[in-house]
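Each remark here refers to the structure printed beneath this line.
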Protein chains: 2
Amino acid sequence: MPKEHLEARRRQILDAARRCFVRNGFHATSMQDLLAEAELSAGAVYRYFGSKDDIIAATASEALAEVAAAFAADDGAPPPGLDDVVDLVLGVERPPLSGSRESARFLVQVWAEALRSPSLSARLKEVMAEARGVVGGLVARHQERGQLSADVPPEQVADVLMALVDGFLVRRAVYGHADPAAFRNGLRALMSVPAPR
Amino acid sequence: MPKEHLEARRRQILDAARRCFVRNGFHATSMQDLLAEAELSAGAVYRYFGSKDDIIAATASEALAEVAAAFAADDGAPPPGLDDVVDLVLGVERPPLSGSRESARFLVQVWAEALRSPSLSARLKEVMAEARGVVGGLVARHQERGQLSADVPPEQVADVLMALVDGFLVRRAVYGHADPAAFRNGLRALMSVPAPR
DNA sequence: TTGTCAAGGGCGAATGTTCGTTCTACGTTG
DNA sequence: CAACGTAGAACGAACATTCGCCCTTGACAA
């Protein structure tokens, strides 16, 4: 009886917490908000988590794990077109990262929280460093095939691609209007600009 | 006596508030933190601002005004190279927007806060819509000169450019390592990718 | 089958703290 | 002396967290 029930309760709490945090941010969400959303009492929740900070850390960590998984899944995959990389990472077809506007909103909150939590910041940098490696590898393979000028460090291109993803997430979370197809279209156009001067 | 002194006090409070908010976020900053940073008493601060929310709104609004000004300054300017647009907007030479890591951090906090404040969200969308118009205009002029394929709506390209800026800000704020020159370099490489397939 | 008991999950009022805000008394200045 | 700014103690509300009690559950003895 215990094992699976305990895990289910934990999930119930984390899911409720995520909904609250998406709606109101970490620090503007009170424990009472969270308890109401989870339909649980204070005593019950505190049996599973030691403090509110623990719950914040757990939800944030889970979200980052999803991001890491989304990038790791592309590692070693047959090298797609370079803008397909963006597609993948925008999660047009890959649910975890881009799930919906809620995921984007939550990630923005995580960024903000990482600005004041050293441990969260460390974990975030870790995840992004790994992702940079994966994307950098894809870029390098394109360079070997001559589809991209080879005299620029692959990491620099990877940084730009990942910044595009972050920027897209911001637009989806904050501004609302973020159509992946239109975005891809714009990027495609940008990628065909001739060298300057 | 009154006029300029009042304005100076207001500035003193807003500057202190900004420092606090950058350090700890809006809601994890207490009034006492703020009072200590401003070296003022509660009574003094509440003479200038009605509530903590007013202070949050004022600092956020000020930051957005700086962003708007940075974009507006480029309107009607002689059309630079398309990656120069990115330079401008990254603020390599334009202090207000990119000032430093602190500005980027503060903007991330503003994004997060906009997720729960309708009025701030509205103001943010307003500013970004205007910026989109400016950048879209620059893109359109490039299209007229044949420097960019003309069969794509300028706004779509503008969205990508602005997402790049947002993404760059995230990286500067959160991950620390964000060298504008390297970024520009990576983007330059990306912009010379031949058409796919 | 039925009665008993120990264990533990769950509850929600109570707790002490900290929050944002207000109020009154005290300089300071023109 | 009047008027204005400022300070800091004081206030109620709301916060995160704790604590003692209830109820359910499963094993076991009768």
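Chain naming here is simple, since letters A, B, ... match the order of the sequence lines and numbering starts at 1 in each. Since we're looking at a predicted model, the values are computed, not measured.
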Distance, rounded to the nearest Å, where A:Y46 contributes OH and D:dT17 contributes P: 3 Å
Distance-only donor-acceptor check, side chains B:S51 and B:D53, under 3.5 Å: no
Criterion side-chain contact (heavy atoms from CB on, under 4.5 Å) on B:L169 and B:V108, from CA distance to verdict: CA-CA 8 Å; B:L169 287 176; B:V108 170; 5.8 Å; no
Sugar-phosphate, base or nothing in reach of A:F49, heavy atoms under 4.0 Å: nothing
Interatomic distance, A:Q12 CD vs C:dG9 C1' [rounded to whole Å]: 13 Å
Interface residues of residues 31-42 of chain B with DNA chain C (non-hydrogen, below 4.0 angstrom): B:M31, B:Q32, B:A42
Atom pair CG/CG of B:L187 and A:L164 - distance to nearest 0.5 Å: 8.0 Å
Nearest-angstrom distance from the residue atom CG of B:D53 to P of C:dC19: 16 Å
Spacing of A:I13 atom CD1 relative to C:dG10 atom C1', expressed in whole Å: 11 Å
Side chains of B:R9 and B:L40 in contact at under 4.5 Å (non-hydrogen atoms): yes
Interatomic distance, A:L34 atom CG to A:L14 atom CG [nearest 0.5 angstrom]: 9.5 Å
Audit row: B:Q143, B:V152, side-chain contact (heavy atoms from CB on, under 4.5 Å) steps and yes/no: CA-CA 9 Å; B:Q143 286 179 320; B:V152 59; 3.6 Å; yes
Separation of C:dT17 C1' from A:K52 NZ (nearest whole Å): 15 Å
Spacing between A:F26 atom CZ and D:dC15 atom C1', to the nearest angstrom: 18 Å
Polar side-chain contact A:R47-C:dG10 base: donor and acceptor under 3.5 Å: yes
Distance test, side-chain N/O of B:Y48 to OP1/OP2 of D:dT6, below 4.0 Å: yes
